[in-house]
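Some notes on the structure that comes next.
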Amino acid sequence: METGLRGKLILVTGSAKGIGRAIATALAKEGARVVVHCYRSQNEAAALVQALRESGHEAAMVRGDLSDLNAVRDMQKQIKAHFPEVSLYGVVNNAGWYSSKRLLEYRAGEWRREIDVNFYGLVHLLYVFLPEMIANREGKWVNIVGDVSRVGDPNLVMIGAARAAAINLIKSVAQEYGRFNLHFNAIALGLVDQGYLGLDEAIREKVIKRYPLRRLGRPEDVADAVMYLLSKRADWVTGQVLPVNGGFTMIN
């Protein structure tokens with residue numbers, strides 16, 4: 001399937017490993033210029049960029065804390081330094097931060113980091129990178145969330161709330177900026193095995209039985225969905241939440 005992504009410059013946040021790494025790798029294979037973003041996982045991000053370059057792909061690494069607006073502004077400068085002649089076409093916001101806690105298990109203010117990264121991180125990315133896309137009159141955004149943002153979970157209360165707000169923001173900007181040929185969508189995930197779930201075999205099998213497809217997700221499952229939403233095949237898709245969850249939830 002021709003995606004139309006060859007030569008396009010795309011930022012993938014949180015792409016040093018796991019889902020983000022799979023997305024960045026898939027984009028590179030489609031001929032996109034890939035910006036690998038990290039905050040703490042610098043060694044993994046640098047190794048990915050090196051591997052992509054050795055395979056003949058155009059890739060660069062940027063580092064920044066998405067919860068800090070000035071850090072995101074600096075990320076934009078880093079991207080311009082790496083690709084001075086190319087405008088940013090797409091953003092895949094995969095970065096996240098969460099604690100598995102119930103509401104009253106938090107210490108006062110401990111929830112702030114989850115809100116800052118999972119909601120304000122998206123706000124900052126939009127605020128910094130959206131003007132360039134408006135000027136170019138093209139661009140696509142994909143925000144990765146968990147299905148908890150649609151259905152709730154008492155053990156993931158803060159990230160669920162923050163990413164529910166992110167979904168609302170995606171829908172709002174889709175309505176406002178669609179006239180500039182910009183597309184904004186979200187992908188809601190079920191449980192994806194990124195190699196560090198930490199579940200013993202008995203619990204893992206119990207979880208799997210709750211999925212109609214009888215398996216957990218793989219990073220490549222997410223990457224395939226992202227490729228679709230970024231591609232020209234999705235040119236009439238915006239303001240949507242695409243479930244990629246093995247049938248764990250089925251919400252109309």
Side-chain angles (χ1 to χ4, degrees), residues 10-14 19-20 23 37 64-69 71-73 75 88 90-103 106 109-134 138-192 217 222 225-226 228-230 234-245 248-252:
I10 300 174
L11 166 65
V12 185
T13 69
I19 291 171
I23 293 168
H37 160 266
D65 182 354
L66 300 188
S67 71
D68 182 341
L69 178 59
V72 177
R73 285 173 169 149
M75 284 167 52
L88 190 68
V91 175
V92 182
N93 183 31
N94 172 68
W97 178 273
Y98 79 97
S99 297
S100 181
K101 294 183 178 181
R102 296 180 181 238
L103 177 61
Y106 285 87
E110 190 181 8
W111 48 72
R112 185 60 184 264
R113 180 68 179 165
E114 287 180 79
I115 297 170
D116 284 349
V117 174
N118 296 298
F119 177 65
Y120 283 108
L122 176 60
V123 173
H124 297 159
L125 288 167
L126 288 164
Y127 192 77
V128 170
F129 292 107
L130 189 52
E132 179 181 357
M133 293 184 176
I134 291 172
E138 71 167 5
K140 294 194 174 184
W141 291 72
V142 180
N143 203 62
I144 308 294
V145 303
D147 244 359
V148 60
S149 58
R150 302 193 302 158
V151 299
D153 187 317
N155 295 303
L156 297 168
V157 60
M158 285 301 164
I159 189 173
R163 286 184 161 170
I167 287 175
N168 189 279
L169 178 58
I170 284 290
K171 290 177 176 288
S172 295
V173 294
Q175 293 177 38
E176 175 65 17
Y177 298 107
R179 65 185 187 275
F180 297 105
N181 192 32
L182 303 183
H183 303 71
F184 305 84
N185 293 289
I187 292 176
L189 301 181
L191 188 58
V192 177
V222 186
V226 170
Y228 165 68
L229 288 176
L230 290 176
D235 278 353
W236 210 47
V237 179
T238 194
Q240 304 303 311
V241 181
L242 175 63
V244 180
N245 61 18
F248 186 77
T249 61
M250 300 183 185
I251 303 172
N252 292 328

Go through Asn155 and Ser100 one step at a time and tell me if the side chain to side chain donor-acceptor pair (under 3.5 Å) criterion holds.
CA-CA 5 Å; Asn155 295 303; Ser100 181; 5.3 Å; no

Output, in order, the C-alpha distance, side-chain angles, deciding distance and verdict of side chain to side chain contact (heavy atoms under 4.5 Å, CB included) for Phe119 and Leu169.
CA-CA 9 Å; Phe119 177 65; Leu169 178 58; 4.1 Å; yes

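To the nearest 0.5 Å, the span separating CE on Met158 from CZ on Arg102 amounts to 13.5 Å. Remark: Asn118 CG to Arg113 CZ distance equals 9.5 Å, nearest 0.5 Å. With values rounded to the nearest 0.5 angstrom, Leu229 atom CG is found 5.5 Å from Leu242 atom CG. The line from CG of Leu122 to CZ of Arg163 is 10.0 Å long, rounded to the nearest 0.5 Å. Here Leu125 contributes atom CG and Asn143 contributes atom CG; the two are 8.5 Å apart, rounded to the nearest 0.5 Å. Put simply, CG on Leu126 and CH2 on Trp141 are 4.0 Å apart, with the number rounded to the nearest 0.5 Å.
Nearest heavy-atom pair across Val241 and Pro243 is O-CD, 3.3 Å. Residue Trp97 comes nearest to Glu114 through the heavy atom pair O-CG, 3.5 Å, listed as atom of the first residue, atom of the second, then distance. Closest approach of Val12 and Gly20 over heavy atoms only: CG1-O, 3.9 Å. The heavy-atom pair separating Thr13 from Ala95 by the smallest distance is OG1-N, 3.0 Å.
Within a 6.0 Å sphere centred on CZ of Phe129, heavy atoms belonging to other residues, nucleotides or ligands number more than 12. Atom OH of Tyr177 has 12 or fewer heavy atoms from other residues, nucleotides or ligands within 6.0 Å. By the neighbour-count criterion of 12 heavy atoms within 6.0 Å, atom CZ of Phe180 is densely surrounded, having more than that number from other residues, nucleotides or ligands. Within 6.0 Å of CZ in Arg112 there are 12 or fewer heavy atoms belonging to other residues, nucleotides or ligands.
Electrostatic pairing of Arg150 and Asp147 counts as a salt bridge here, judged by a charged N lying under 4.0 Å from a carboxylate O.
Contacts classified as salt bridge (Lys or Arg N to Asp or Glu O under 4.0 Å) and involving residues 171-186 (residues at least two apart or in different chains) are given here: Glu176-Arg179.
Looking only at side-chain heavy atoms (C-beta outward), Val222 and Asn94 stay at 4.5 Å or farther from each other. Using a 4.5 Å heavy-atom cutoff, the side chains of Leu88 and Met133 are in contact. Two residues are said to be in side-chain contact when any heavy atoms from C-beta on lie closer than 4.5 Å; Tyr98 and Leu156 meet this criterion. Within the 4.5 Å cutoff, no side-chain heavy atoms of Asp153 are placed close to those of Ile159.
In this view, Val128 and Leu69, Val72, Arg73, Gln76 satisfy the side-chain contact (heavy atoms from CB on, under 4.5 Å) rule, not counting sequence neighbours.
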What side-chain donor-acceptor pairs closer than 3.5 Å can you find for residues 181-189, not counting sequence neighbours?
from, atom 1, to, atom 2, distance (Å)
Asn181, ND2, Arg137, O, 3.3
His183, NE2, Asp235, O, 2.9
Asn185, OD1, Gly239, N, 3.2
Asn185, OD1, Gln240, N, 2.9
Asn185, ND2, Val237, O, 3.1

